[in-house]
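All remarks here apply to the structure that follows.
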Amino acid sequence: MTASSLLHRSPLPRTFYARPARDVAKALLGARLLRLVDGQRVGGIIVEAEAYCDSAEPDRACHGTRNNGQPTLRTTVMFGPAGHAYIYFTYGMHWMFNVVTGEPGQANAVLIRALEPDTGEWIISHNRRKQPRSKWTNGPAKLTAALEIDNKLNGTELFSAETVLWIENGRAVLPAQIASGPRVGLGKTPEPWFSKPWRYWITDNPFVSQYR
DNA sequence: AGCACGATTAACT
DNA sequence: GTTAATCGTGCTC
(Lines give C-alpha, C1' and ligand atoms only; values in the text may rest on other atoms or scores of the structure.)
Protein backbone atom coordinates (compact mmCIF):
# COMPACT_ATOMS: atom_id res chain seq x y z
CA MET A 1 0.00 0.00 0.00
CA THR A 2 1.37 3.42 -0.95
CA ALA A 3 1.30 6.55 1.19
CA SER A 4 -1.13 8.24 -1.21
CA SER A 5 -3.62 5.39 -0.97
CA LEU A 6 -3.63 5.78 2.81
CA LEU A 7 -4.76 9.38 2.35
CA HIS A 8 -7.42 8.63 -0.21
CA ARG A 9 -10.80 10.20 0.54
CA SER A 10 -14.10 9.53 -1.19
CA PRO A 11 -16.69 11.16 1.09
CA LEU A 12 -20.39 10.73 0.58
CA PRO A 13 -21.79 13.88 -1.08
CA ARG A 14 -23.71 16.64 0.67
CA THR A 15 -26.90 15.41 -0.99
CA PHE A 16 -26.65 12.10 0.90
CA TYR A 17 -27.43 13.97 4.12
CA ALA A 18 -30.13 16.28 2.77
CA ARG A 19 -33.12 14.09 3.63
CA PRO A 20 -35.01 13.09 6.79
CA ALA A 21 -32.88 11.87 9.70
CA ARG A 22 -34.49 8.43 9.85
CA ASP A 23 -33.65 7.80 6.19
CA VAL A 24 -30.06 8.92 6.74
CA ALA A 25 -29.73 6.81 9.91
CA LYS A 26 -30.74 3.66 8.03
CA ALA A 27 -28.60 4.51 4.99
CA LEU A 28 -25.55 5.06 7.22
CA LEU A 29 -25.60 1.47 8.48
CA GLY A 30 -22.76 -0.29 6.67
CA ALA A 31 -21.06 2.98 5.70
CA ARG A 32 -17.54 3.69 6.96
CA LEU A 33 -16.78 6.60 9.32
CA LEU A 34 -13.20 7.80 8.92
CA ARG A 35 -10.97 10.28 10.71
CA LEU A 36 -7.51 11.38 9.62
CA VAL A 37 -5.09 11.11 12.57
CA ASP A 38 -1.44 12.00 11.90
CA GLY A 39 -2.03 11.30 8.21
CA GLN A 40 -3.56 7.90 8.88
CA ARG A 41 -7.11 6.79 8.21
CA VAL A 42 -8.81 5.60 11.41
CA GLY A 43 -12.38 4.34 11.66
CA GLY A 44 -14.86 1.60 11.01
CA ILE A 45 -18.24 0.48 9.76
CA ILE A 46 -21.28 2.23 11.26
CA VAL A 47 -23.46 -0.43 12.90
CA GLU A 48 -25.83 1.67 15.07
CA ALA A 49 -27.41 5.13 14.69
CA GLU A 50 -30.32 7.17 16.08
CA ALA A 51 -32.50 9.87 14.50
CA TYR A 52 -33.38 13.10 16.36
CA CYS A 53 -35.87 15.88 15.64
CA ASP A 54 -37.31 13.98 12.69
CA SER A 55 -41.04 14.68 13.03
CA ALA A 56 -43.56 17.45 12.55
CA GLU A 57 -44.17 17.68 16.31
CA PRO A 58 -41.13 18.76 18.36
CA ASP A 59 -39.07 15.72 19.45
CA ARG A 60 -38.71 16.18 23.23
CA ALA A 61 -35.56 14.04 23.25
CA CYS A 62 -33.78 16.37 20.81
CA HIS A 63 -31.40 19.18 21.77
CA GLY A 64 -32.88 21.32 19.02
CA THR A 65 -36.26 21.29 20.77
CA ARG A 66 -34.86 23.02 23.89
CA ASN A 67 -34.80 26.81 24.26
CA ASN A 68 -38.27 26.97 22.68
CA GLY A 69 -36.94 25.39 19.51
CA GLN A 70 -34.54 28.27 18.88
CA PRO A 71 -30.81 27.72 18.21
CA THR A 72 -28.32 28.23 21.06
CA LEU A 73 -24.53 28.45 21.07
CA ARG A 74 -24.46 24.67 21.52
CA THR A 75 -27.09 23.70 18.94
CA THR A 76 -26.38 26.17 16.14
CA VAL A 77 -24.77 23.54 13.91
CA MET A 78 -27.85 21.31 14.21
CA PHE A 79 -29.97 24.05 12.65
CA GLY A 80 -27.53 24.54 9.78
CA PRO A 81 -27.10 22.75 6.44
CA ALA A 82 -26.90 18.97 6.12
CA GLY A 83 -23.60 17.11 6.00
CA HIS A 84 -21.87 18.92 8.87
CA ALA A 85 -20.68 17.34 12.14
CA TYR A 86 -22.64 18.25 15.28
CA ILE A 87 -20.38 17.35 18.21
CA TYR A 88 -21.34 18.05 21.81
CA PHE A 89 -19.98 17.47 25.31
CA THR A 90 -21.99 15.62 27.96
CA TYR A 91 -21.74 14.07 31.43
CA GLY A 92 -18.75 16.31 32.12
CA MET A 93 -16.40 14.07 30.14
CA HIS A 94 -17.80 12.61 26.92
CA TRP A 95 -18.08 13.75 23.29
CA MET A 96 -20.93 12.71 21.01
CA PHE A 97 -20.74 12.71 17.22
CA ASN A 98 -23.79 13.42 15.05
CA VAL A 99 -24.32 14.20 11.38
CA VAL A 100 -26.69 17.05 10.50
CA THR A 101 -29.46 16.03 8.12
CA GLY A 102 -32.55 17.57 6.49
CA GLU A 103 -33.03 21.18 5.46
CA PRO A 104 -31.38 24.32 6.93
CA GLY A 105 -33.56 25.87 9.63
CA GLN A 106 -34.58 22.47 10.95
CA ALA A 107 -32.57 20.74 13.70
CA ASN A 108 -32.49 17.22 12.28
CA ALA A 109 -29.50 15.03 13.16
CA VAL A 110 -28.32 11.44 13.46
CA LEU A 111 -26.27 10.25 16.45
CA ILE A 112 -23.64 7.66 15.51
CA ARG A 113 -23.73 5.14 18.37
CA ALA A 114 -21.37 2.32 17.38
CA LEU A 115 -18.75 1.21 14.87
CA GLU A 116 -17.14 -2.05 13.87
CA PRO A 117 -13.46 -1.02 13.81
CA ASP A 118 -11.68 -1.90 10.55
CA THR A 119 -9.19 0.86 9.74
CA GLY A 120 -6.14 2.15 11.64
CA GLU A 121 -6.80 -0.30 14.45
CA TRP A 122 -3.35 0.24 15.99
CA ILE A 123 -4.30 3.87 16.66
CA ILE A 124 -7.71 2.85 18.04
CA SER A 125 -6.07 0.28 20.30
CA HIS A 126 -3.83 3.02 21.69
CA ASN A 127 -6.72 5.44 22.27
CA ARG A 128 -8.75 2.65 23.90
CA ARG A 129 -5.92 0.86 25.70
CA LYS A 130 -6.99 -1.25 28.67
CA GLN A 131 -10.19 -2.19 26.84
CA PRO A 132 -10.77 -5.33 24.75
CA ARG A 133 -11.35 -4.87 21.00
CA SER A 134 -15.02 -5.72 21.45
CA LYS A 135 -15.42 -2.53 23.54
CA TRP A 136 -13.30 -0.15 21.47
CA THR A 137 -16.20 1.50 19.61
CA ASN A 138 -19.46 -0.10 20.87
CA GLY A 139 -20.89 3.14 22.29
CA PRO A 140 -21.24 6.79 21.22
CA ALA A 141 -18.58 8.19 23.57
CA LYS A 142 -16.29 5.20 23.07
CA LEU A 143 -16.09 5.76 19.32
CA THR A 144 -15.30 9.47 19.68
CA ALA A 145 -12.47 8.62 22.08
CA ALA A 146 -11.23 5.92 19.68
CA LEU A 147 -11.23 8.28 16.66
CA GLU A 148 -10.06 11.40 18.56
CA ILE A 149 -13.26 13.30 17.80
CA ASP A 150 -13.92 16.36 20.01
CA ASN A 151 -15.15 19.96 19.88
CA LYS A 152 -12.37 21.03 17.51
CA LEU A 153 -14.26 19.13 14.78
CA ASN A 154 -17.71 20.60 15.54
CA GLY A 155 -19.19 21.99 12.34
CA THR A 156 -16.82 20.06 10.04
CA GLU A 157 -18.08 19.65 6.45
CA LEU A 158 -18.11 15.86 6.11
CA PHE A 159 -18.31 16.09 2.30
CA SER A 160 -15.45 18.49 1.53
CA ALA A 161 -12.40 17.32 -0.44
CA GLU A 162 -9.92 18.28 2.30
CA THR A 163 -11.91 17.11 5.32
CA VAL A 164 -10.24 15.19 8.15
CA LEU A 165 -13.56 13.59 9.12
CA TRP A 166 -15.90 11.93 6.64
CA ILE A 167 -18.12 8.96 5.78
CA GLU A 168 -17.69 6.80 2.69
CA ASN A 169 -19.37 3.77 1.15
CA GLY A 170 -18.53 0.58 3.03
CA ARG A 171 -20.40 -2.66 3.26
CA ALA A 172 -23.76 -3.50 1.68
CA VAL A 173 -26.56 -3.91 4.26
CA LEU A 174 -29.89 -5.32 3.16
CA PRO A 175 -33.10 -3.84 4.63
CA ALA A 176 -33.82 -7.24 6.19
CA GLN A 177 -30.62 -6.89 8.24
CA ILE A 178 -31.73 -3.59 9.83
CA ALA A 179 -33.37 -3.74 13.26
CA SER A 180 -35.01 -0.81 15.08
CA GLY A 181 -36.14 0.07 18.58
CA PRO A 182 -36.39 2.90 21.15
CA ARG A 183 -33.51 5.33 21.52
CA VAL A 184 -31.04 4.88 24.37
CA GLY A 185 -30.46 7.07 27.43
CA LEU A 186 -33.44 9.41 27.11
CA GLY A 187 -33.95 9.62 30.88
CA LYS A 188 -37.00 11.74 31.70
CA THR A 189 -38.05 12.30 28.09
CA PRO A 190 -41.87 11.99 28.03
CA GLU A 191 -43.89 9.72 25.84
CA PRO A 192 -44.43 9.29 22.99
CA TRP A 193 -40.86 10.46 22.33
CA PHE A 194 -39.32 8.07 24.83
CA SER A 195 -40.55 5.05 22.87
CA LYS A 196 -40.24 6.20 19.27
CA PRO A 197 -38.34 3.40 17.46
CA TRP A 198 -35.76 5.72 15.94
CA ARG A 199 -32.69 3.69 16.88
CA TYR A 200 -31.39 1.50 14.06
CA TRP A 201 -28.71 -1.18 14.10
CA ILE A 202 -27.34 -4.08 12.08
CA THR A 203 -28.96 -7.28 13.34
CA ASP A 204 -26.60 -9.52 15.32
CA ASN A 205 -23.58 -7.25 14.87
CA PRO A 206 -21.37 -7.70 17.97
CA PHE A 207 -20.31 -4.02 18.06
CA VAL A 208 -23.82 -2.65 18.69
CA SER A 209 -23.94 -0.95 22.13
CA GLN A 210 -24.96 -3.28 24.93
CA TYR A 211 -26.85 -1.62 27.73
CA ARG A 212 -30.12 0.27 27.90
C1' DA B 1 -26.91 33.51 40.57
C1' DG B 2 -27.82 28.89 41.56
C1' DC B 3 -28.97 24.31 40.37
C1' DA B 4 -30.38 19.70 38.47
C1' DC B 5 -29.21 16.76 35.01
C1' DG B 6 -27.50 14.85 30.81
C1' DA B 7 -28.43 11.27 23.39
C1' DT B 8 -22.31 7.83 29.06
C1' DT B 9 -18.64 4.96 30.75
C1' DA B 10 -15.82 2.10 33.69
C1' DA B 11 -15.16 0.23 37.92
C1' DC B 12 -17.02 -1.43 41.49
C1' DT B 13 -20.04 -5.27 44.75
C1' DG C 1 -26.96 -4.34 39.57
C1' DT C 2 -25.03 0.05 41.51
C1' DT C 3 -22.43 4.22 41.50
C1' DA C 4 -18.73 7.84 40.98
C1' DA C 5 -16.74 10.76 37.70
C1' DT C 6 -17.16 15.65 36.05
C1' DC C 7 -18.87 20.19 33.89
C1' DG C 8 -21.57 22.80 30.25
C1' DT C 9 -26.17 23.90 29.39
C1' DG C 10 -30.69 25.53 29.92
C1' DC C 11 -34.11 26.47 33.26
C1' DT C 12 -35.90 28.37 37.60
C1' DC C 13 -35.68 31.71 41.19
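In what follows, every heavy atom counts, from backbone to side chain, and hydrogens, waters and symmetry copies are set aside. Given the structure is predicted, the values throughout are model-derived calculations rather than measurements.
Put simply, Ile149(A) and Met93(A) are part of two different groups of oily side chains (I, L, V, M, F, W, Y) that touch within less than 4.5 Å, one to the next. Under the 4.5 Å side-chain heavy-atom criterion for grouping Ile, Leu, Val, Met, Phe, Trp and Tyr, Phe159(A) is not connected to Val164(A) through any hydrophobic cluster.
The backbone N or O of Glu157(A) lies less than 3.5 Å from a partner atom in the side chain of Thr163(A), making a donor-acceptor pair.
When the P atom of dG6(B) is taken as reference, atom CZ of Arg183(A) falls 14 Å away, rounded to whole Å. In this structure, Asn127(A) atom CG and dT9(B) atom P are separated by 16 Å, rounded to whole Å. Distance, Trp198(A) CH2 to dA7(B) C1': 14 Å, rounded to whole Å. Here the P atom of nucleotide dT8(B) and the CG atom of Leu143(A) are 12 Å apart, to the nearest Å. Atom NZ of Lys130(A) and atom P of dA10(B) are 11 Å apart (whole Å). Rounded to whole Å, atom C1' of dA7(B) lies 6 Å from atom CE of Met96(A). Atom-to-atom, CH2 of Trp136(A) to P of dT9(B) comes out at 17 Å; the value is rounded to the nearest Å. Distance, Met93(A) CE to dA10(B) C1': 10 Å, rounded to whole Å.
We find that Arg35(A) and Glu148(A) are not joined by a salt bridge, their nearest charged nitrogen and carboxylate oxygen being 4.0 Å or further apart. A salt bridge between Arg183(A) and Glu50(A) is absent, with no side-chain N of the basic residue lying under 4.0 Å from a carboxylate O of the acidic one.
No contact: Thr189(A) has no heavy atom under 4.0 Å from any strand. Residue Ala61(A) is classed as a base contact, given a heavy-atom separation below 4.0 Å to a base. If you check every strand for non-hydrogen atoms under 4.0 Å, Arg60(A) touches nothing.
Nearer to the 5' terminus of DNA chain B, by closest-nucleotide assignment, is the contact made by Lys188(A) (compared with the other of Asn138(A) and Lys188(A)).
Side chains of Ser209(A) and Arg113(A): a donor-acceptor N/O pair is present below 3.5 angstrom, by distance only. For the residue pair Glu191(A)/Ser195(A), the side-chain donor-acceptor check at 3.5 Å is satisfied.
In summary, the aromatic rings of Tyr88(A) and His63(A) are positioned with their centroids under 6.0 Å apart.
dT8(B) is paired with dA5(C) under the criterion used here, namely a Watson-Crick or G-U wobble arrangement in which both key atom distances are under 3.5 Å.
Distance OG1/Thr144(A) to CG/Leu115(A): 10.0 Å, rounded to 0.5 Å.
Across the P atoms, dT6(C) and dG2(B) are found 23 Å apart, a figure rounded to whole Å.
The span of DNA chain C lying next to chain A, judged by atoms under 4.0 Å from heavy atoms, is bounded 5' to 3' by dA5(C) to dC11(C).
Near DNA chain B, defined here as any heavy-atom distance below 4.0 Å, the residues from residues 98-117 of chain A are Asn98(A), Leu111(A), Arg113(A), listed numerically.
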From CA spacing to verdict: salt bridge (charged side-chain N to carboxylate O under 4.0 Å, His left out), Glu116(A), Arg133(A)
CA-CA 10 Å; Glu116(A) 177 177 326; Arg133(A) 182 171 184 274; 5.8 Å; no
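Side-chain nitrogen and oxygen atoms of Arg66(A) include at least one within less than 4.0 Å of the OP1 or OP2 phosphate oxygen of dA7(B). Between Lys135(A) and dA10(B) there is no side-chain N or O to OP1 or OP2 distance below 4.0 Å.
Checked against dA11(B), dG6(B), dA7(B), the side chain of Gln131(A) finds its nearest nucleotide in dA11(B).
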